[in-house]
Amino acid sequence: MANLEEKLTLWYTELKGENFPLVGKKNANLGEMLKAGIPISPGFAITIHANDIFIQESGVKAQLEELIANECRETTPENIVKLSNFAMAAIEKAPMPASLEKHILEEYQRLCEICGVKDLPVAVRSSGAVSMPGQMETYLNIRGNKDIIDYIRKCWASSYCIEALTYRINRDLGVLFNIGVGIPKMVNSKSSGVIFTINPLNGDPSKISIDASYGLGEAVVSGLVTPDTYLIDKITLDPVKIHKGSKEIECVYRPGSSDIIEQDVDEARRQAQSLTPEELKHLCVTSKQIEKYYGKAYDIEFGIDADLNFPDSVIILQVRPESIWNKKKAEKKTKEPTDAMNMILKQLINGVKFS
Amino acid sequence: MAKQFLDPHDVPPIEGTEGWERMYPYYYQFSTDDKERNEYESGQLWYYDGLHYPEPHSPFDLIWDEAWYLALSQYNSRIFMVPPAKGIDHRIVNGHVYITPIGIADPKEIEARIPLFMKRAGYYYQNWDEIYGDWVEKTKVLIEELEAVEFKNLPEMEDESVVFEHRGIGSGYDLCVKYDELINMGFKVWQYHFEMLNLGYAAYVTFINTANQFFPDIPMATLTKMVSGIDVVMYRPDSELIKLAKMALELKLESNLDAQTSFATLKQELASSDVGQKWLAAFEEARYPWFHISTGTGWFHHNKSWNDDLDVPLANIKMHIEALQSGKDPSRPTEKLIAERDRIVDGYLDLFQDADDRKAFEEALGIARKVFPYVENHLFYVEHWFHSVFWNKMRDLSAVLVDGGMIKDVEDIWYLNRFDIKVLIDDMVRSWATGVVPAGRKKWPKEIEWRKGVMAKFREWTPPPALGVPPEVVTEPFSIVLWGVTTDVLKRWLSSLDVSDGDVTELFGSPGSSGVVEGPARVIRKVEDLALLQTGEIMVAPTTSPSWAPAFTKIAGAVTDVGGPMCHAAIVCREYGLPTVVGTGNGTSVIKTGDLIKIDGDSGLVNIIK
């Protein structure tokens, strides 16, 4: 196998977590998840090296370096805006080097064949080697050779958006910055949502908490709807609390197009639950597997793919460590070693507090 | 919303029942002329003990309430010196028993009781298994003594053995003594009943609360699975029936057990064949003691045992045969339950990050498991076995009183309280000895007729769920865990004072067993109604009895009027995996058979859809 550093693309099946300098964290994570047996959407990564070749061969790199060395030497807000505008416009209109384009399109073709769909809709996801939460773009429901190439350029361009640029400059990470791009099959989610492998409200490690609603995950993640919420016993997988959300709208692909739209959910579907008991159970089993693999509480995005049959339909889109309770030092509840007799005594004196 | 319930002294009397108080001991009355006692009574929260008593007490049946009034209280207050608790006080209103837990407010007194409690209760916990072993033995001895009690009609002439064996005592005296002995045995078995129960529940509650501290919202069903006894005596009667069902199939007797055949007919049919006799012998063997299980809770004289009506276990055997024929095995999957229990416990233990936390959980689980067999099994020995035999001994006595011309019918005795009966026997034996008509032969039949009328009126009365002043917060463990009386429940009861029954479309209870289900309701008040249950219906009952086991294979869920998350109905339903809401207060009066209802065993909500 050729040296990984020189590869322009790498399939998720070829990646593991430690490869993040090559493809960015999001992509490397997906590879690691596959290794852990976690069901993800099939796809491949366009390497950071490919981004580098692009800006070099297209001449954008030289133009940017020229700008930084002269006109925009001082890091003023005006200069950042100027740099950002220039870089994004230049990247979006620069020609893709022919060999790179050919290689990417061959891989896309292979993905179409794996999935058995012509002009397969994919997501085009930015993936930096340094975490810059939410600052770079992800494009959904992209299909066909031309759009794929266009949106990869848009993704690359997005690493020069004002927010990302300011973030890097403030942290001395440099202006020039290549990122990886992920090309997974678009999950045609009939339902989707977010899972915590603890109860995020109180840190209870014996629960799995799931928020789910209809359509693509955007509706839940961005708080557009009140989702169904499930609290599940992690050991027995029995539901502890189920609260049905109002789920007024859902995000779906605009038919035949490369973007998504919001639409109303009819009354009957609002009244029903967005996940079946089987899907719920499968998600819990998968979440436990993720938590066990990484050894700590995790925050997980998932979708139920309408194009696939259960259980293949259950797809994990993204995972990251849970950010609040993992950092809190596990609070010891037992102040001193105790025996059953003393516990009973304390119980009798203090009474019962649960309702 | 109302701030307090009706003052216990202000409950309006029911017209035509005036004088009902004399049906029960005077110490069960809310006081009228003692200012100190009167003030104490007005300041307490009294809740209706519907958990044990879905109906009013006939005068004799109050005996078991009297028994635990004494026994439970004394073990807390005087024997184990439970630091913050005295006893539970009892009163009766229109035939319905109200109870109130008595706490100790003075911190110094609580402090002083701690070392005493640690020493005394500690001894029991440390020697639990051994003491429980002795408990079973002495309870069985007591039941043997009970079985041996015989009541005989007073003879025209004493047998000559009285003379030649110079016994020195006659049948009149004998009858008085035997009655006293019978009553004393009843009180004694209830002394035994509470010997270990309060401590058992205290350990159980400690486990539940400890687990909740580490894992908020841990479902009660999960906790029960962690401690659940595998070899629980209460399941034994039903497993005997399953064995008989399997045996009937093996012996190809299913056609005999088909259809509506009564046990009497079946016995005749089977007696003519070898295999039939073999099955009958097995049936007979299972009867003692396992068919002493009551079809009710065992608290009332009309709660027949399987032995009293063999058609009941026979109907259950038929249900098991149907299940077996359709490929279902009704047996408890013991090995699976053990594996499941171990898996759940290991799973939870793995979640601990701190060694002291883990140890605290293990300690609490360990003690809960230790006490669990007693907490579950005592029911069979006392409420089922002992009570079932006891009610029939009372009937034997009653036949003697009928023979003596004191009362008209064997079933009339339940309208006399235990003191009435003592006086009546004294009257009867004196009239027998002297050879004149007894003084009370007109009085008692008339009194009994009047009391029957009073009881009928009591039955039509809906007892308010509580009287008096609610505490700001309920923390008393038994009220919460057994009776389901929590701060929230009291609030709901208070708010329901403002709504009339017909407008209610929502009822709240405690989550009994996880899951949500919708279906037609069927109100079941007594064991005979079980036959009406259709597959998929939701059973609505005052409370349930473990002997209703086969019905649980048919229903889709259950709702009860009374009980907390650890009451027996909830435990059984969790075992069967049925969504259940317990302690709704008045489910059987608000929900009508045929209503479409939806129950949520996770939140405790019941909706009447139409």
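All chains are named by letter (A, B, ...) in the order of the sequence lines, taking the proteins before the strands, and each is independently numbered beginning at 1. Values below: every heavy atom of this structure, side chains too, minus hydrogens, waters and symmetry copies.
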Taking everything shown except [X] itself, do over 12 heavy atoms lie less than 6.0 Å from its [atom1]?
X	atom1	answer
A:Lys281	NZ	no
A:Lys288	NZ	yes
B:Arg78	CZ	no
B:Glu111	CD	no
B:Asp106	CG	yes

Find out whether [X] and [Y] are in side-chain contact, i.e. whether some heavy atom of one side chain is under 4.5 Å from a heavy atom of the other.
X	Y	answer
A:Gln347	B:Phe207	no
A:Asn342	B:Met118	yes
B:Val516	A:Ile242	no
A:Pro205	B:Phe352	no
B:Tyr348	A:Lys234	no
B:Ile218	A:Val240	no
A:Asp204	B:Phe214	no

Next item on the list: Return the minimal non-hydrogen interatomic distance between A:Met343 and B:Ala364, and the atom names on each side.
Entry: CE-CB, 3.7 Å
Next item on the list: Give a yes or no on whether the backbone of A:Ile235 and the side-chain of B:Arg343 come within a donor-acceptor separation of less than 3.5 Å.
Entry: yes
Check: So, does A:Lys207 use its side chain to make a donor-acceptor pair with the main chain of B:Pro216 at under 3.5 Å?
Finding: yes
Check: Partners of B:Glu518 by side-chain contact (heavy atoms from CB on, under 4.5 Å), sequence neighbours excluded?
Finding: B:Leu596, B:Lys598, B:Ile609
Check: chain A: which of B:Gly103, B:Ala203, B:Ala368, B:Ala360 shares the most heavy-atom pairs with it under 4.5 Å?
Finding: B:Ala360
Item checked: Residue pairs fulfilling ring pair (Phe, Tyr, Trp, His ring centres under 6.0 Å) with at least one residue in residues 296-320 of chain A, sequence neighbours excluded -> A:His282-A:Phe310, A:Tyr294-A:Tyr298
Item checked: salt bridge (Lys or Arg N to Asp or Glu O under 4.0 Å) assessment of B:Asp350 paired with A:Lys292 -> CA-CA 11 Å; B:Asp350 280 349; A:Lys292 194 169 174 207; over 6 Å; no
Next item on the list: Measure the spacing between CE of A:Met341 and CD of B:Glu363 and express it to the nearest 0.5 Å.
Entry: 11.5 Å
By a 4.5 Å heavy-atom criterion (distance strictly below it), what part of [X] contacts chain A: side chain, backbone, both, or neither?
X	answer
B:Ile110	side chain
B:Tyr125	side chain
B:Asp217	both

Next item on the list: Determine, stepwise, if the pair A:Leu348 / B:Thr206 fulfils side chain to side chain contact (heavy atoms under 4.5 Å, CB included).
Entry: CA-CA 8 Å; A:Leu348 287 167; B:Thr206 300; over 6 Å; no
Notebook entry, point to check: Any salt bridge between B:Lys359 and A:Asp339, counting N to O under 4.0 Å?
Noted result: no
Note to self: Heavy-atom pairs under 4.5 Å with chain B: which of A:Asn199, A:Leu345, A:Asn202 has the most?
What the structure shows: A:Leu345
